[in-house]
There are 2 protein chains.
Amino acid sequence: MTAASDRAVERLRERILSGEYAPGERLGEVELADKLGVSRTPVREALRLLAAEGLVEITTNKGARVVEYPAHDLDHIFLIRARIEGLSARTAAIHASDADIDKLDEIATELAGYAAHGELDEVYRLNADYHSTLNGLSGSAVVLSTIGSLIHATVLLRTLHSFDEAAMRRSVSHHLEIVAALRARDPDWAEAVMHAHLLSARASLLGPRKHAVEETP
Amino acid sequence: MTAASDRAVERLRERILSGEYAPGERLGEVELADKLGVSRTPVREALRLLAAEGLVEITTNKGARVVEYPAHDLDHIFLIRARIEGLSARTAAIHASDADIDKLDEIATELAGYAAHGELDEVYRLNADYHSTLNGLSGSAVVLSTIGSLIHATVLLRTLHSFDEAAMRRSVSHHLEIVAALRARDPDWAEAVMHAHLLSARASLLGPRKHAVEETP
DNA sequence: CTCCGTTAGATTGCATACATCTAACCCATG
DNA sequence: CATGGGTTAGATGTATGCAATCTAACGGAG
């Protein structure tokens, strides 16, 4: 996997996550190869990789489509994220350097500014940045790759629902609180806030529907 | 992906998990294609898929090798498994049918029998069966695929250490206790036991080394 | 004797050609 | 007019050829 295949992965992932290729849309190999200026081989490899990431779905002899997550799965995804990212926050509270925490603080603060002005695109970008940075602080590539596909799945939600104002304020507040918990070197606090943060997002994005699993924190 | 590619994936995965291809061993495309009786193309796809599953590691222009997980990553893997499979146990306690629980009970009972006679191969097989069955009860394909690669990583451990007798008894006891918690329809109990079960396995398999993250259950 | 540059062999990455499968269309028939 | 089957066009799966890159062995200089 090198230039051609790698670029294909990046461009396809970008277009899917940005919504340019809508959920359910068919992704023909020849068409993509044509658009990207390469042959079918690297396109095929890119599609398989994205399938492993959970962004596309491949059916034998029938080709690839952008995934459409049922609400039931998304519910589970938020529950899993709540637990794994809670673990990341715990690990970070123990092992992150002060400089790491400063960087996270910067992102959270900048995010708060954009949120106050309603610049949603920037908010989404910084939110993804915040979470991936924090997960990176866990110091384990396994954590990062495991959580990666789950985060992608939730990003695809962007085109479906949006945060209301109250949820947005909660989210901003959580981000800042986690930074505070990290500075206090308090693993339990950090984990608990991150857990609440993602359960809050779950409620806001999926709506007040009946949840698949009831939580008792 | 059809016959050729699919069979290649299955056979390679089997050989890696069984230890026939040792961690760190190089997996040349032409050699595998020759052994499997297909061309390089399906072999390449199989290797990419296994890379996504976390069983092999591919470096550009340098080929594929069986992964070698550092102890640090394995530590995180058990922590993540403890949380996700704890969630599976919780979900199962709420949604599993009585027949599902019966099936799990059968597996756990049979496993206990083999453990008493020290038939380790059967124990390993039924243990994997138990966990994948329980995770399947969560009713979410996302849970199953997310946890899949993590379980593979821990299976590779088999060649490194083994359970001592006390750890084996604990493990068997946990399996049976989880079934009891499911029958009682007690999500908190089920989740707590599964959490303990995997932290116990972590301690037994990784040894009493310094953990990357301290737990405060 | 050691170290480094060169070169030959082998291996991977990409492109293309062939085989097989899916699905849509058309036409014949009840 | 609806339905069923056969046919055909397009797309995916597989095999193979070619170019680029890496590995390792070899020989020469210090």
Side-chain angles (χ1 to χ4, degrees), chain A residues 1-16 20-69 141 145 148-149 152, chain B residues 1-16 20-68 141 145 148-149:
Chain A
M1 190 136 38
T2 170
S5 180
D6 224 341
R7 277 179 47 108
V9 170
E10 283 181 26
R11 299 195 54 157
L12 286 178
R13 181 162 44 207
E14 181 189 339
R15 291 185 186 189
I16 292 172
E20 188 173 341
Y21 292 141
E25 184 169 342
R26 192 162 182 301
L27 299 174
E29 295 179 359
V30 291
E31 179 188 345
L32 293 177
D34 205 38
K35 276 188 181 174
L36 298 175
V38 294
S39 84
R40 273 178 57 213
T41 306
V43 171
R44 280 177 67 84
E45 292 202 356
L47 288 174
R48 309 291 158 148
L49 187 67
L50 293 173
E53 285 184 8
L55 282 178
V56 309
E57 199 171 20
I58 295 179
T59 312
T60 303
N61 286 329
K62 288 182 64 176
R65 327 179 75 79
V66 180
V67 293
E68 291 175 292
Y69 282 101
S145 73
S149 55
H152 284 159
Chain B
M1 193 136 36
T2 171
S5 179
D6 224 341
R7 277 177 44 109
V9 170
E10 284 181 27
R11 301 194 54 157
L12 285 178
R13 181 162 43 208
E14 181 190 339
R15 292 185 185 190
I16 292 172
E20 188 172 341
Y21 292 142
E25 184 169 342
R26 195 165 179 296
L27 300 174
E29 295 178 0
V30 292
E31 179 188 345
L32 294 177
D34 205 37
K35 276 189 182 172
L36 297 174
V38 294
S39 82
R40 275 178 56 212
T41 306
V43 171
R44 281 177 66 84
E45 292 205 354
L47 288 174
R48 309 292 157 146
L49 188 67
L50 293 173
E53 285 184 7
L55 282 179
V56 308
E57 199 171 20
I58 296 179
T59 312
T60 303
N61 286 330
K62 287 182 64 176
R65 323 176 80 69
V66 180
V67 292
E68 291 176 294
S145 71
S149 54

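All values below come from the heavy atoms of this structure, side chains included, with hydrogens, waters and symmetry mates left out.
Interface residues of residues 31-40 of chain B facing DNA chain D, ordered by number: B/Val38, B/Ser39, B/Arg40; criterion, heavy-atom separation under 4.0 Å.
For the helix from C/dC1-D/dG30 to C/dG30-D/dC1, the rotation axes defined at the first and last 5 base pairs enclose an angle of 10°, given to the nearest 10°.
Within a 6.0 Å sphere centred on CD of A/Glu25, heavy atoms belonging to other residues, nucleotides or ligands number more than 12.
Ion pairing between a basic and an acidic side chain is recognised when a charged N comes within 4.0 Å of a carboxylate O; A/Glu45 and B/Arg48 show such pairing.
The CD atom of B/Glu53 sits 9.0 Å away from the CD1 atom of B/Ile16 when rounded to the nearest 0.5 Å. Atom-to-atom distance recorded for A/Glu57:CD and A/Glu68:CD is 8.5 Å, nearest 0.5 angstrom. Rounded to the nearest 0.5 Å, atoms CG (B/Asp6) and CZ (B/Arg11) are 13.0 Å apart. One distance of note links CG of A/Leu50 with NE2 of A/His152; it measures 9.0 Å at 0.5 Å rounding.
Taking 4.5 Å as the limit, some side-chain heavy atom of B/Val66 sits within range of a side-chain heavy atom of B/Leu27.
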Identify every side-chain donor-acceptor pair in residues 31-40 of chain B under 3.5 Å, counting partners at least two apart or on other chains, and give the distances.
unit_1: B/Ser39; atom_1: OG; unit_2: B/Thr41; atom_2: N; d: 3.3
unit_1: B/Arg40; atom_1: NE; unit_2: B/Glu29; atom_2: OE1; d: 3.0
unit_1: B/Arg40; atom_1: NH2; unit_2: B/Glu29; atom_2: OE1; d: 3.1

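Nucleotide D/dA15 holds its P atom 11 Å from the CD atom of B/Glu45, rounded to whole Å.
Shown here are the side-chain contact (heavy atoms from CB on, under 4.5 Å) partners of A/Ala52, two or more places apart in sequence or in another chain: B/Ala52. Qualifying side chain to side chain donor-acceptor pair (under 3.5 Å) partners for A/Arg15, counting only residues two or more places apart in sequence or in other chains: A/Tyr21.
Distance from the side chain of B/Arg44 is smallest to C/dG13 among D/dT14, C/dA15, C/dG13.
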For nucleotides 8-11 of chain C, give me every protein contact, N/O to N/O, under 3.5 Å, one pair per line with atom names.
unit_1: C/dT11; atom_1: O3'; unit_2: B/Arg26; atom_2: NH2; d: 3.3

